Amino acid sequence: MLRLYDTIHGEVRDLATRDPGKLSMYVCGPTVYDLPHLGHGRFTLVWDVARRWFSFRGLDVRYVSNITDIDDNIINRAQREGTTESQVASTYENEWWEAMSRIGVARPRDVPHATQYVADMVSLIESFLAEDVAYVISDGVYFDTSCVADYGLLAGQPLDSLRADPTIEASQEKRSPFDFALWKFSKPNEPVWSASFGDGRPGWHTECVVMSLGLLGDGFDLHCGGLDLKFPHHENERAQAQAARRPFAQHWGHNGWVMVGTEKMSKSLGNFTSLTDLLERTDARAYRLLVIRSHYRSPIEVSPATVADAERALARLDTLARRFELPTFGGEQFVTQNDYVFSGRAKDLVTSVGVLLDEDLNTPLAVGELFDAVSSANTLADEGEPVEAAQLALAVAVVFGALGLAVHSAVHEPTRDDQALVSARDDARSAQNWAEADRLRDELVSRGWIVEDSAGGTRIRRG
RNA sequence: GGCGGCGUGGCCGAGUGGUUAGGCAGGGGCAUGCAAAGCCCCGUACUCCGGUUAGAAUCCGGACUCCGCCUCCA
């Protein structure tokens, strides 16, 4: 049984599915007004890993993740740059998918765009107004949080114990400082959709509740996102579903922050690193390894040192892949537990790692066991047990593959000249002409190759 | 003020009562023509103060630090 921490209950619980064998999963996606940053990279990796693991276990996962393509930040950027909102949105959505592709995050099965669901949002807001759960003031339509009895469930405290930030001037017209905008009336030169209660654009919290229920239906299984969405975003989505008397997500998952030093990385602190920049100078797999090496609910520290550490750890896996000529997995391809049949130590590995991952995605312990298995496979091979060694190595690749991490090194084809140097060196070595062999090795090294001798002769690879 | 979380060896990062998590870095060794990769060995850590226990990093109480959320945020 798959189990996962549920934010509302504050404990690890069975991940129940509404329909047998099928998991409906919604992950709050990005607002596309800037390059994706490391925090985006983490949440997409975390839930991509979850999705892949659930799929490995045989669930048919319907993974939905939205693109918020209308929002104040988009409008501000468009006005600042003298362009249109849709231009800003499409520019950064393209950047988003480019980055997702590079870190190996599989495309969601559905990608709803907020602007395509405005009509449904308008109907929902109309129904709220009809029941006086929402009210109109000068700048928009607001949701009356006091109408939802258990408002504060996700925040972990009741509404009356929340404190409105005194530094933010609350609108005098709002019934409560916690009431949130369902709809914002448009100002001149802003994008506008018509509605019976006044032309304008939808509020963020309304977008996600409409899209998740619209695609996954009432009482869908799992709703995920970054911990900072827990309150108020997810609380407000939930409040709207409650008010609409529609069963909402049955299970809530939240991932931890990316830290920079001791502070949370965030837009407001201005200490973010763009994912696009990281990928310019790092093997994208290193970031995935960094993410799965710690627990998804813990904060992770991303720095040049921790990234370099992960890259070196990755080299150990790549060496294994080279030694055993392992297949690669990842990208849009999902591995399932029925794809390979193992026996002996390989089977034991898949079983024990599976137990760890089934229990709230304990990837750090799983990674520990996998690295142990790397040593074991090398030892078995050294001790003349090639078949069992190869099985174990393959199991390592399969499990890492199930988590979306391809165990392989980038392929670099030697040129004809390089190959000539390699065979010349083999000749020198068989003639025991060590000086010449060393000279040829230096030559290859100067051409950027790492030179290793093996039973089959000189082998070269890129670092 | 309310709510939640953290404090582990040089670094990252697991671990809820007893045996080395794991990775990276460092030291020693095996192997190798010499290397590289690989393998073996090594550091014996757990914020502080009390307490419970035969035994605690792990449970309880307290203190301190740091971080986060409380109408921008993944």
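Being a predicted model, the structure only gives us computed values, none of them experimental. Lettering of chains follows the sequences in order, A, B, ..., and the numbering in each one begins at 1.
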Between B:G23 and B:G43 - C1' atom distance, rounded Å: 16 Å

Can a side chain N or O of A:R316 be found less than 4.0 Å away from OP1 or OP2 on B:G38? yes

Closest to the side chain of A:E452, out of B:A74, B:A37, B:C70, is B:A37

Candidate nucleotides B:C70, B:A21, B:G2, ranked by approach to the side chain of A:L365 - the nearest: B:A21

Using both distances under 3.5 Å as the test, list the Watson-Crick or G-U wobble partner of B:C69, or none. B:G2

Would you mind pulling out the nucleotide paired to B:A63, Watson-Crick or G-U wobble, both distances under 3.5 Å? B:U47

Between B:C69, B:C72, B:A74, which nucleotide has the shortest distance from any of its atoms to the side chain of A:D228? B:A74

Distance below 4.0 Å between A:S298 side-chain N/O and B:G5 OP1 or OP2: no

How are the rings of A:W96 and A:H40 set to each other: parallel, tilted or perpendicular (split at 30° and 60°)? perpendicular

Just by distance, with hydrogens left out, do A:Y33 and A:D72 show a side-chain donor and acceptor under 3.5 Å apart? no

OP1 or OP2 of B:C39 sitting under 4.0 Å from any side-chain N/O of A:N378? yes

Between the side chain of A:E311 and the main-chain N/O of A:D283, is any donor-acceptor distance below 3.5 Å? yes

On RNA chain B, nearest-nucleotide positions of A:W257 versus A:H233: which is more 5'? A:W257

For a quick test of reading the model: is some side-chain N or O of A:R459 closer than 4.0 Å to OP1 or OP2 of B:G38? no

Heavy atoms from C-beta onward define the side chain here; which of B:C3, B:C12, B:A74 lies closest to that of A:R293? B:C12

I'd like the C1' distance from B:G7 over to B:A74, given in whole Å. 25 Å

Examine the base of B:C34 for any acceptor or donor lying under 3.5 Å from a partner atom in the side chain of A:R441, and report the outcome as yes or no. yes

Is B:G38 paired to anything, Watson-Crick or G-U wobble with both distances less than 3.5 Å, and if yes, which nucleotide? B:C30

Donor-acceptor pair (no angle test) under 3.5 Å: A:R322 side chain, B:G38 base: no

May I ask whether A:W434 stacks on the base of B:G33, given the cut-offs of 5.5 Å between ring centres and 30° between planes? yes

Scan A:L182, A:L129, A:I125 and name whichever one has a side-chain contact (heavy atoms from CB on, under 4.5 Å) with A:V136. A:L129

Any donor-acceptor pair under 3.5 Å between the side chain of A:D382 and the base of B:C30? no

Sorted by position of nearest nucleotide on RNA chain B, 5' first, the leading residue of A:L227 and A:D453 is A:D453

Given B:A14, B:C69, B:G2, the nucleotide with the shortest approach to the side chain of A:P364: B:A14

So, for A:L4 and A:H251, which heavy atoms are closest and what is the spacing to 0.1 Å? O-NE2, 2.9 Å

Name the closest nucleotide to the A:H295 side chain, picking from B:A25, B:A14, B:U71. B:A14

Searching all strands shown, indicate the nucleotide that pairs with B:G55 (Watson-Crick or G-U wobble; both distances under 3.5 Å). none

For the student: nearest non-hydrogen atoms of A:A239 and A:V148, plus distance: O-CG2, 3.5 Å

Counting only side-chain nitrogens and oxygens, does A:K230 get under 4.0 Å of the OP1 or OP2 atom of B:C3? no

Please determine whether any donor N or O and acceptor N or O are separated by less than 3.5 Å between the side chain of A:D309 and the base of B:G23. yes

Rounded to whole angstrom, note down the C1' distance from B:G10 over to B:C46. 16 Å

Quick check: any donor-acceptor pair below 3.5 Å linking the side-chain of A:D438 to the base of B:G33? yes

